*Asks:* 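Could you have a look at this structure, given as structure tokens, before my questions?
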Amino acid sequence: MVRREGTQRFILHQDIALIEALPTRDAVAEKAASIITNIVKKKPDAAITYATGNTMIPVYEKVATSIAAGEVSFARTKAFHLDEYYPCDEKEPHSFVSFLRKRVFEPFKVGIANEINGNSLDPKTETSRYNSLLHEQPIDLAILGIGPGGHIGFNERGTAFDEETHLTNLSEETVRRDQIERGQNSPKQAITQGIANILQAEQILVVAYGEEKGIWLHEALYGNVSTECPASSLRLSGRKVTVLIDELAASQL
Ligand code: GLP
């Protein structure tokens, strides 16, 4: 069912708190930024998991603008890294940690930045170190994009929903996107927060633009809840997920 308010559409879904379609990417980014800053205004020491990706660039730019204007301070917040290629040096152009430092940790002046070390010689020790941090610190907000096949973080098709932080092999679809569509020389493995870590967040914000992501979201929201579509796990979160999409993505729902 769809409710309209001007150019805004609210698509009702029984398992998801809110699906809101806005006319442009800019309007989506504006709304996403206001959700993030409002959480920090209410809880100045909020713990937030940040996704990387092109989707997030305008969102983070708008948050940074609010911070620079003195509207909100992230100085007491704790930032968490969602996922990272493995092995991956921070100097690599595809490094997610360098994305987050440049677009989040530094401009937001976050209090603590918890990073995944994609260069660790022992990924098992690194995943369990990072997972312990997530156990010690309840997450107030997890910000997610959506990737090939409906992956969230780097939880690919087939990932068990009770999996925590782990090293994973990237799917053929993801490797194709990275190496062929994006021309990246990135690895075929990654360390990612697991679906169990993501679902434990108090609130989850998903941002997506464009028809292709609309198709993945359609599978996630209206297909079976199944490990074949990692984002379908969000329907098990107890209605704490907000999905913000543009009209192109909404055209597929
Ligand atoms: C990668 C990351 C995801 C991210 C996705 C979307 O696959 N692992 O965490 O959500 O990219 O990226 P983009 O916004 O560039 O489409």
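Counting starts at 1 for both ligands and their atoms, following the listed order. What you see is a predicted model; the values in this text were computed from it and never measured.
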*Asks:* Is the Phe74 ring parallel, tilted or perpendicular to the Phe108 ring (thresholds 30°, 60°)?
*Replies:* perpendicular
*Asks:* Under the 4.5 Å side-chain heavy-atom rule for ILVMFWY, direct or indirect, which residues accompany Leu121?
*Replies:* none
*Asks:* Residue by residue, ordered by chain and number, which ones reach under 4.0 Å of ligand 1 with a heavy atom?
*Replies:* Thr52, Gly53, Asn54, Thr55, Leu82, Asp83, Phe96, Gly145, Ile146, His151, Gly153, Phe154, Arg177, Arg182, Lys213
*Asks:* Give me the other members of the hydrophobic cluster that Tyr130 sits in, counting Ile, Leu, Val, Met, Phe, Trp and Tyr linked by side-chain heavy atoms under 4.5 Å, directly or via other members.
*Replies:* Phe80, Tyr86, Ile116, Leu133, Leu134, Ile139, Leu167, Ile191
*Asks:* Taking only residues two or more places apart in sequence or in another chain, which ones pass side chain to side chain donor-acceptor pair (under 3.5 Å) with Arg25?
*Replies:* none
*Asks:* Do the rings of His151 and Phe154 sit parallel, tilted or perpendicular, given the 30° and 60° boundaries?
*Replies:* perpendicular
*Asks:* Can you tell whether the side chains of Glu30 and Lys62 come within less than 4.0 Å, N to carboxylate O?
*Replies:* yes
